[in-house]
Amino acid sequence: MPAKEFAKIVVTWQQQHGRNDLPWQQHNDPYHVLVSELMLQQTQVTTVIPYFERWLQRFPDVTTLAAAEEQEVMAHWQGLGYYRRARNLHAAAKTIVADYAAQIPEQAVELREIPGIGPYTVGAIRSFAFNAPAAIVDGNVKRLFARLFMLPYAVNHSANDRYFWELAEHYTPTSQNRRFAQGLLDLGATICKPKQPLCHACPLQSRCRTYANACVEDYPKRKQKKAIPTKTGHFLLAINRFGVCLEQRPANGIWPSLWCLPEVSQAPDAELGYEFNHTFSHYKLAGKVWLAEPATTTGNLMQVPYSDLADYGLPAPIRKLLAKIDWDEVCNTKQ
DNA sequence: AATTCGGGGGC
DNA sequence: GCCCCAGAATT
């Protein structure tokens, strides 16, 4: 299909049926685009919206964000996951203020040097913030192309990325690319969904090779991935009438820089109080929570009153575990 | 090229 | 339970 024809179909459909009321679409502000794109990396739109709104209230522009304290930046990301993105966004703001006079650059080579901005986000910022003719390839675009052209390339195999990028660049129009790029994402998210795609409502149905062959749901092809391992983690629950001991985790590894129950490398000589399970994308964590005395814990500790726990960006499984504990009862039995 | 980074939605 | 999500950085 000619590239111009493809672009016209996508642009026309986006105008009539696409998403045009998302919070970060309202001003085409490069900072809004930057914040939303970092938040949207591997995170669904409906999850991001409330975080985006709170973020803009506290950090309304790139200068405000650059001047903010790390701890406060992390607190506003709490619960969103992939916490490195928050540090990247903070570092990106500082870079933009220092090197680009607080103006987000438009050129790809400059954007690519900014922390947290990879190939996809370069294209997204150039498309959405500047309406520039830049390609984007994300999970939605790969799935759409894989089905439309019945591609045999597994979408979760990085060696195949070049095929999808070549297609995306071939079809990227020289005008109206903001709407075209949005249309690709909207088609993938609302029509060409992973499961139960709405082919009856698809503007590309007559062009779709997997639809013609009645094999839409067999695509995209996917490379089989290994089973994820299970790791055991040992955590200390040290409490008294003053509160619970929390420790700030190191900046690298799981839950970077978040406050958490102190973690130890092996099971201590103590009573096992609680257990929990948590599944990450790449391993399962079997958490053992040992009842310890506050004096036996070491490290970067802080004793936090139970009533203040909500102020600390606790990892989700830890937050849920602590929420189940009846503090009055624990204090009475422990004295 | 493979691994490491969360957490929630949806079925 | 499992797959998926507006991926990037690291090894």
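Values below: all heavy atoms of this structure, side chains included; hydrogens, waters and symmetry mates excluded. Proteins come first, then strands; the chains are lettered A, B, ... in the order of their sequence lines, and each starts at number 1.
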So, OP1 or OP2 of dG7(B): does either fall under 4.0 Å of a side-chain N or O from Trp255(A)? yes
Judged by nearest nucleotide, the residue sitting upstream toward the 5' end of DNA chain B, Lys193(A) or Leu80(A), is Leu80(A)
Does any donor-acceptor pair link the side chain of Arg84(A) with the base of dA8(C) at a separation under 3.5 Å? yes
At under 4.0 Å, does any side-chain N or O of His282(A) touch on OP1 or OP2 of dG6(B)? no
Establish whether the base of dG6(B) is bridged to the side chain of Thr43(A) by a donor-acceptor pair shorter than 3.5 Å. yes
Just call it for Pro229(A): base, sugar-phosphate, or nothing, with non-hydrogen atoms closer than 4.0 Å on any strand. nothing
Looking across every strand, which nucleic acid part, if any, lies under 4.0 Å from Thr121(A) by heavy atom: base, sugar-phosphate, or nothing? sugar-phosphate
Applying a 3.5 Å limit to both distances, which nucleotide forms a Watson-Crick or G-U wobble pair with dC4(C)? dG8(B)
Distance below 4.0 Å between Lys142(A) side-chain N/O and dC5(C) OP1 or OP2: no
With a non-hydrogen cut-off below 4.0 angstrom, is Ala159(A) in contact with a base, only sugar-phosphate, or nothing? sugar-phosphate
What is the nucleic acid contact for Arg112(A), judged by heavy atoms within less than 4.0 Å: base, sugar-phosphate only, or nothing? sugar-phosphate
May I ask you to evaluate whether Lys195(A) reaches the phosphate of dC2(C), defined as a side-chain N or O under 4.0 Å from OP1 or OP2? no
Interatomic distance where NZ belongs to Lys226(A) and P belongs to dA2(B) [whole Å]: 8 Å
Taking 4.0 Å as the cut-off, does a side-chain nitrogen or oxygen of His278(A) come that near to OP1 or OP2 on dG6(B)? no
